[in-house]
Amino acid sequence: MSMDPALADLLERSNRLGRDKRNTNYAGGNTSAKGVGIDPVTQGEVELLWVKGSGGDLGTLTEAGVSVLRLDRMRGLVDVYPGVDREDEMVHAFAYCLHGTGGAAPSIDTAMHGLVDLAHVDHLHPDSGIAIATALDGPRITQECFGDRVVWVPWRRPGFQLGLDIRDIQRANPQAIGCVLGGHGITAWGATSQECEENSLWIIRTAEAYIAEHGSAEPFGAVRPGFEPLSAADRRAKAAALAPVIRGIASRDRRMVGHFDDSDVVLDFMSREKLEPLARLGTSCPDHFLRTKVSPMVLDLPADATVEECIERLQALHEAYRVDYAAYYDRHASPDSPPMRGADPAIVLVPGVGMFSFGANKQTARVAGEFYVNAINVMRGAEALSTYAPIPEREKFRIEYWELEEAKLRRLPKPKRLAARVALVTGAASGIGLAIARALVADGGCVVIADLDAAKAEQVAADLGGPDVAVGLRADVTSEDEIRAAMDAACLAFGGVDIVVNNAGLSLSRPLLETTAADWDLQHDVMARGSFLVSREAARVMIAQGIGGDIVYIASKNAIFAGPSNIAYSATKADQAHQVRLLAAELGEFGIRVNGINPDGVVQGSGIFASGWGANRAAVYGVEEKDLGQFYANRTLLKREVLPEHVALAAAALVSDEFSRTTGLLVPVDSGVAAAFLR
């Protein structure tokens with residue numbers, strides 16, 4: 001069935017507006033179109049309203065993200081509207097106005113779109129528009145900036161009453177093309193989709209030009225001596241050192257993933273005199289503070305403060321932040337308010353270094369940071385023209401702990417078992433390491449693909465979903481510098497590390513008399529020494545976070561089983577197996593679990609076997625190389641070949657909560673090799 005032209009135009013307009021972040025933030029705002037459809041029962045024409053539904057993003061909006069309502073029924077709700085004190089009931093009533101099935105649930109802003117008389121409506125959150133909406137004398141600025149083409153609407157929480165207000169303003173001002181919603185954003189309308197889009201863009205660009213022409217040069221005040229940005233290298237090094245501690249701060253109530261931003265707009269804001277008073281005022285647009293909380297936590301030390309000084313102060317500020325947030329909740333909560341969701345900051349500002357933002361996953365953390373950048377831009381514009389005056393704290397609470405927002409949270413799917421967990425897997429660009437990385441991502445984790453081959457690591461990361469899911473980098477596990485750099489990269493990408501899988505390895509299969517000292521040293525450098533170095537640097541990060549962690553060793557059944565012509569490989573695998581026991585004993589007090597896996601004969605997809613070891617082992621056992629996997633399977637109790645995916649599933653299980661009370665364990669994934677039974 002072909003798409004209705006009105007809907008097609010709406011989607012195209014929405015995507016154009018949403019792709020330009022000057023127009024609206026990610027997932028912010030909504031658009032609509034009215035038109036005529038066919039009632040499938042009567043076959044008669046019926047007026048319809050297509051409107052972006054709850055959730056989703058304008059820039060990527062598709063038909064599935066649109067609600068379709070009978071316009072007569074939606075407008076008929078005016079006659080049964082029980083008043084502003086009960087307006088939330090109207091959201092549930094929208095379900096009785098739907099035309100057909102499918103599509104998204106109607107959003108709280110549906111009334112704004114349906115009650116305006118014109119056929120096309122855009123509600124957007126541009127930084128320039130919100131700057132005027134949050135200026136102390138916003139009504140005056142609105143009139144001076146736009147004349148009578150745009151009308152000021154005093155702050156009102158989104159809902160049915162706001163829709164009635166905007167309808168009345170549109171009818172009373174036939175010359176107007178839109179309005180500025182106090183503390184919130186803008187709404188524009190038009191008779192055609194093109195006219196509506198042009199009106200939206202005219203409001204946004206006119207506001208930008210007005211701020212540029214009439215705004216003060218330094219709206220955030222002068223630069224504070226000592227708070228200027230550090231050099232790029234210095235601030236990134238300091239950020240990597242602080243990231244695990246800050247992630248631990250943000251994760252006291254619930255584990256979070258982090259994002260780091262040291263863009264110019266962030267660094268400049270943090271260097272200015274007005275940083276702390278403006279940060280205390282918090283954000284204003286509902287979309288902003290729902291992601292960032294009402295205000296950030298701000299480190300009040302100069303850029304040259306030592307890491308140790310910063311950590312001590314951050315920990316003290318965190319305790320004060322939690323007390324203040326709990327007091328904010330207590331000031332405004334009523335007996336029927338949802339319970340407090342957590343008192344940790346979502347945004348942490350470190351002058352001279354950058355901004356750390358947090359969320360339940362990487363995308364949410366990144367978007368929270370983007371929203372705070374929007375808030376900085378809003379504050380800059382408002383301060384440039386007047387004084388930044390966000391909506392009152394009580395109104396922020398009414399939205400943050402709105403039952404309708406709580407209902408959205410309840411509708412979210414249950415998090416996967418490794419949600420908000422960050423893993424670093426060595427040797428992850430192929431073989432068992434790649435299979436483990438895939439399994440961890442499938443279970444909801446974020447993964448750093450560490451491998452000698454940087455290009456392959458980057459490609460694997462892209463294939464797994466890109467930077468919101470995985471990053472790829474070079475890491476030679478024999479190099480202390482490269483391991484530290486990999487851990488730093490993980491901290492900057494995701495805030496820290498929860499899981500490390502020591503998988504990198506190689507094998508040179510030779511009899512004792514043919515094994516050189518170089519053969520011995522190479523295998524011990526990569527697997528025994530390399531695993532030790534990776535585990536040591538991972539433990540530093542995990543201890544700094546204070547939220548536990550997991551270290552997994554991919555050892556081998558050869559750690560137990562004595563086979564021929566394999567002295568160097570088997571000895572280093574035995575070393576790894578004992579590292580599991582040693583580190584489990586040492587790191588348990590920090591909540592860090594250390595376990596291992598002993599695979600056997602993983603031939604298919606194995607980088608080690610493909611590099612020549614398979615041919616060597618086949619020769620030792622007197623079989624064709626193509627038959628080696630089945631040879632290994634035939635000598636097991638289960639007679640089943642072991643694949644990389646089997647090892648990966650075991651690794652994902654070991655680091656999950658199902659094994660939360662297990663440490664120091666070596667799990668055989670060998671289909672049953674009796675000679676390798678632990679005893």
Side-chain angles (χ1 to χ4, degrees), residues 10-32 50-67 91 103-110 112-113 121-130 133 157-159 162 181 183-188 197 200 204 256-257 259 261 283-294 341 346-347 355 357-378 396 399-400 402 404-413 415 419 465-469:
L10 173 64
L11 294 176
E12 291 175 6
R13 177 175 101 234
S14 301
N15 294 163
R16 284 192 299 269
L17 289 170
R19 282 194 292 264
D20 187 340
K21 296 311 176 187
R22 293 179 299 170
N23 300 333
T24 199
N25 44 258
Y26 175 83
N30 29 66
T31 52
S32 68
W50 291 273
V51 59
K52 173 181 171 284
S54 181
D57 173 56
L58 286 176
T60 55
L61 184 65
T62 64
E63 185 175 2
V66 175
S67 299
V91 174
S107 80
I108 189 67
D109 287 319
T110 297
M112 179 193 305
H113 294 269
V121 178
D122 294 335
H123 168 58
L124 304 170
H125 298 153
D127 293 348
S128 60
I130 306 174
R157 188 172 69 164
L162 180 59
L181 284 60
H184 185 166
I186 69 164
T187 297
E197 183 175 358
S200 293
I204 295 166
M256 293 287 179
V257 177
H259 176 73
D261 184 339
T283 54
S284 184
C285 176
D287 268 18
H288 292 183
F289 60 77
L290 283 172
R291 304 273 189 155
T292 67
K293 287 199 167 177
V294 290
R341 299 189 193 102
I347 303 291
M355 171 178 65
S357 55
F358 296 91
N361 53 53
K362 171 65 177 184
Q363 184 199 45
T364 305
R366 174 179 55 77
V367 170
E370 291 174 359
F371 273 61
Y372 200 77
V373 170
N374 291 136
I376 292 172
N377 292 333
V378 166
K396 294 180 183 181
I399 291 178
E400 184 177 1
W402 199 355
L404 295 178
E405 289 295 335
E406 191 71 13
K408 281 186 184 179
L409 296 176
R410 288 195 294 267
R411 289 196 299 267
L412 292 174
D468 281 348
V469 175

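The residues of the chain are indexed from 1 along the displayed sequence.
For the pair Asp57 (side chain) and Gly28 (backbone), a donor-acceptor distance under 3.5 Å is absent. A donor-acceptor pair under 3.5 Å links the side-chain atoms of Asn23 to the main chain of Leu17, judged by distance alone. Lys21 contributes a side-chain N or O that, together with a main-chain N or O of Gly18, makes up a donor-acceptor pair within less than 3.5 Å. A distance-only check finds no donor-acceptor pair linking the side chain of Ser107 to the backbone of Gly53 [under 3.5 Å]. The main-chain N or O of His123 is never found under 3.5 Å from a side-chain atom of Asp109 such that the two would form a donor-acceptor pair.
Listed by chain and residue number, His259 satisfy the side chain to side chain contact (heavy atoms under 4.5 Å, CB included) test with Ala365 (two or more places apart in sequence, or in another chain). Shown here are the ring-ring contact (aromatic ring centres under 6.0 Å, His included) partners of His113, two or more places apart in sequence or in another chain: there are none. With sequence neighbours left out, the side-chain hydrogen bond (donor to acceptor under 3.5 Å, both in side chains) criterion links Gln363 to Tyr26. When the side chain to side chain contact (heavy atoms under 4.5 Å, CB included) test is applied to Thr364, the partners found at least two apart in sequence or on another chain are Asn361. Under the salt bridge (Lys or Arg N to Asp or Glu O under 4.0 Å) criterion, Asp468 pairs with Arg366, sequence neighbours left out. Residues that satisfy the side-chain hydrogen bond (donor to acceptor under 3.5 Å, both in side chains) test with Asp20, not counting sequence neighbours, are Arg22, Arg205. Applying the side-chain hydrogen bond (donor to acceptor under 3.5 Å, both in side chains) criterion to Asn374, with sequence neighbours excluded, gives Asp127. Qualifying salt bridge (Lys or Arg N to Asp or Glu O under 4.0 Å) partners for Glu406, counting only residues two or more places apart in sequence or in other chains: Arg341. Partners of His288 by side-chain hydrogen bond (donor to acceptor under 3.5 Å, both in side chains), not counting sequence neighbours: none found. Here Val469 pairs with Val441 under the side chain to side chain contact (heavy atoms under 4.5 Å, CB included) rule; sequence neighbours left out. In this view, Arg13 and Asp122 satisfy the salt bridge (Lys or Arg N to Asp or Glu O under 4.0 Å) rule, not counting sequence neighbours. Looking at residues two or more places apart in sequence or on another chain, you find a salt bridge (Lys or Arg N to Asp or Glu O under 4.0 Å) between Glu405 and Lys408.
Between Ser200 and Ile186 the shortest heavy-atom distance is O-CD1, 4.2 Å. Closest non-hydrogen pair, Gly185 versus Ala133, comes out as N-CB, 4.3 Å. Nearest heavy-atom pair, Leu162 versus Pro158, reported as atom, atom and distance to 0.1 Å: CD2-CA, 3.9 Å. Considering all non-hydrogen atoms of both residues, Met256 and Ala360 come closest at SD-N, 3.8 Å. Heavy-atom minimum distance, Thr292 versus Ala368: CG2-O, 3.5 Å. Heavy atoms only, all atoms of each residue included: Leu290 and Glu400 are closest at CD2-CA, 3.8 Å.
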(Q) Apply side chain to side chain contact (heavy atoms under 4.5 Å, CB included) to residues Phe358 and Ile347 and explain how you reach the verdict. (A) CA-CA 7 Å; Phe358 296 91; Ile347 303 291; over 6 Å; no
Q.
Val294 vs Thr283, test: side chain to side chain contact (heavy atoms under 4.5 Å, CB included). Steps then yes/no.
A. CA-CA 6 Å; Val294 290; Thr283 54; over 6 Å; no
Q: List the steps and the verdict of side chain to side chain contact (heavy atoms under 4.5 Å, CB included) for Leu11 and Val66.
A: CA-CA 9 Å; Leu11 294 176; Val66 175; 3.9 Å; yes
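In this structure, Thr24 OG1 and Asp287 CG are separated by 7.5 Å, a value rounded to the nearest 0.5 Å. In this structure, CZ in Phe371 is found 11.5 Å from OG in Ser357, a value given to the nearest 0.5 Å. Taking CG of Asn15 as the reference point, atom OG1 of Thr60 lies at 7.5 Å (rounded to 0.5 Å). Note: Lys52 NZ to Ser32 OG = 12.0 Å, rounded to the nearest 0.5 Å. A distance of 11.0 Å separates CZ in Arg16 from OG1 in Thr31, rounded to the nearest 0.5 Å.
At a threshold of 4.5 Å between non-hydrogen side-chain atoms, the residues Pro286 and His184 count as touching. Considering only heavy atoms from C-beta on, Asp261 stays 4.5 Å or farther from Glu370 through its side chain. Taking the side chain as every heavy atom from C-beta outward, Glu63 and Trp50 never approach each other to under 4.5 Å.
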